[in-house]
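Have a look at the structure below before the remarks.
Positions are given from 1, in the same order as the sequence printed here.
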Amino acid sequence: MITCVPELRGFQAKPNGDIEIKLVVSNDSLSGQLEELLDLVDSKVEVNISSNDIRYHEKVDPETREPVLKYMVNTDGTVEMYSQEKLDLELEELPEEERSSVINKSEIDEYILACESGAMTIPGGIFEGKEVLQKLSEGEDLAELAKYYGTPLQEMQDTLDDYRKFVAPQAKAWQDWKNGSDQTSDNKQADIETADQESLNLEE
């Protein structure tokens, strides 16, 4: 079995009625699997194609165009939700609008695995998403996990994606905070290296 994350570049209908699907995979994604891939040429394979992106919706204030619910990341990486209340309560309430955003599954999964909180409640019940993702990150197969939890495979996949959609806004805030922290650390390291170099030049 080969595990990779290809990009779907397109498909084409052939005169004989077949559909040719074009998938493009980076060398890094196939690292160590090229020989196995060669053995599969002209063989029948099982492929499950699903988007690696999660599209989620946020309610926005029609006046400010800002999300009604916002997320603040503390210095320790924990995420807290807060709402932006209207300053003038006498203003006529306008109907809320929705905004669609996209985030990669891997970014959501990284947030879930890094978050120290327990199970989260999503519409439909409580889902141990972190436990499932932890097992997947350790190499376990989703189909085997579905059997272990006594859940049909498709239902398991759908519920996992629902969970990802539920935490997507938090994951986006956390990723922005993380990337900002990484950039700050890089800048600090660059400043230190520059200062060290200037100190050496002065000594010379």
Side-chain angles (χ1 to χ4, degrees), residues 5-10 24 26 29 48-137 142 151 154-192:
V5 182
E7 179 183 346
L8 177 60
R9 290 286 179 86
V24 178
S26 67
S29 184
N48 179 19
I49 299 178
S50 61
S51 175
N52 203 38
D53 290 330
I54 289 291
R55 182 173 296 277
Y56 63 98
H57 301 276
E58 294 179 287
K59 291 183 178 180
V60 297
D61 188 306
E63 291 181 338
T64 64
R65 310 304 302 170
E66 291 291 325
V68 174
L69 297 178
K70 295 185 178 181
Y71 297 90
M72 178 179 63
V73 184
N74 300 314
T75 54
D76 61 355
T78 57
V79 181
E80 292 185 23
M81 179 181 69
Y82 67 96
S83 60
Q84 186 68 44
E85 297 180 354
K86 291 182 180 294
L87 297 178
D88 188 354
L89 299 179
E90 295 180 357
L91 288 176
E92 180 182 355
E93 288 285 341
L94 297 175
E96 293 175 349
E97 300 177 0
E98 282 194 344
R99 180 170 63 198
S100 177
S101 302
V102 175
I103 184 173
N104 194 273
K105 284 184 182 180
S106 61
E107 294 180 303
I108 301 176
D109 293 353
E110 182 185 13
Y111 162 70
I112 294 172
L113 292 175
C115 181
E116 295 300 328
S117 62
M120 298 186 71
T121 302
I122 64 172
I126 297 176
F127 185 61
E128 291 282 356
K130 183 173 182 177
E131 181 178 285
V132 175
L133 289 174
Q134 184 66 51
K135 292 179 182 295
L136 289 174
S137 69
L142 184 62
T151 305
Q154 189 60 53
E155 183 178 335
M156 184 80 166
Q157 183 64 65
D158 291 344
T159 305
L160 188 58
D161 282 347
D162 286 342
Y163 176 65
R164 288 182 171 119
K165 290 178 184 178
F166 182 71
V167 302
Q170 300 160 328
K172 178 64 170 61
W174 185 83
Q175 287 290 348
D176 290 344
W177 168 82
K178 175 177 174 290
N179 293 335
S181 297
D182 291 346
Q183 184 63 42
T184 300
S185 298
D186 290 342
N187 290 340
K188 287 182 178 179
Q189 183 61 34
D191 291 342
I192 292 173

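Remark: L133 CG to Y111 OH distance equals 12.5 Å, nearest 0.5 Å. Interatomic distance, K135 NZ to L142 CG, rounded to the nearest 0.5 Å: 12.5 Å.
A donor-acceptor pair shorter than 3.5 Å can be found between the side chains of R55 and S100. Of the N and O atoms on the side chains of S106 and N104, at least one donor lies less than 3.5 Å from an acceptor on the other residue.
When side chains are defined from C-beta on, H57 does not count as touching K165, because their heavy atoms never get closer than 4.5 Å. You'll find the side chain of L160 stays beyond 4.5 Å of the side chain of M156, heavy atoms only. Proximity of K172 to Y56: side-chain heavy atoms (C-beta onward) are separated by under 4.5 Å at one or more points. At a threshold of 4.5 Å between non-hydrogen side-chain atoms, the residues I108 and Q170 do not count as touching. Considering only heavy atoms from C-beta on, S101 comes within 4.5 Å of E58 through its side chain. Considering only heavy atoms from C-beta on, V68 stays 4.5 Å or farther from V60 through its side chain. The side-chain heavy atoms of L113 and Q134, taken from C-beta on, include a pair separated by under 4.5 Å. Looking only at side-chain heavy atoms (C-beta outward), D109 and R164 come within less than 4.5 Å of each other.
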Working for salt bridge (charged side-chain N to carboxylate O under 4.0 Å, His left out), residues E97 and R99: CA-CA 7 Å; E97 300 177 0; R99 180 170 63 198; over 6 Å; no
Pair Y82-L69, side chain to side chain contact (heavy atoms under 4.5 Å, CB included): steps then yes or no: CA-CA 6 Å; Y82 67 96; L69 297 178; over 6 Å; no
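Under the side-chain contact (heavy atoms from CB on, under 4.5 Å) criterion, N74 pairs with M72, D76, T78, E80, sequence neighbours left out. With sequence neighbours left out, T75 forms a side-chain contact (heavy atoms from CB on, under 4.5 Å) with no residue at all.
When all heavy atoms of K105 and I54 are compared, the pair lying nearest together is CG-CG1, 3.6 Å. Minimum interatomic distance between I103 and A168 (heavy atoms only, all atoms of both residues): CG2-CB, 4.0 Å. Annotation for G77 and W177: closest pair CA-CH2, 3.5 Å, computed over non-hydrogen atoms.
Between the side chain of Q175 and the main chain of E107, a donor-acceptor pair closer than 3.5 Å is present. Without hydrogens or angle criteria, K130 side chain to C115 main chain gives a donor-acceptor distance under 3.5 Å.
Residue Y163 is tested with V167, D161, T159 for a side chain to side chain contact (heavy atoms under 4.5 Å, CB included); the sole match is V167.
Classification of E66 and K70 as a salt-bridged pair holds, one side-chain N sitting under 4.0 Å from a carboxylate O.
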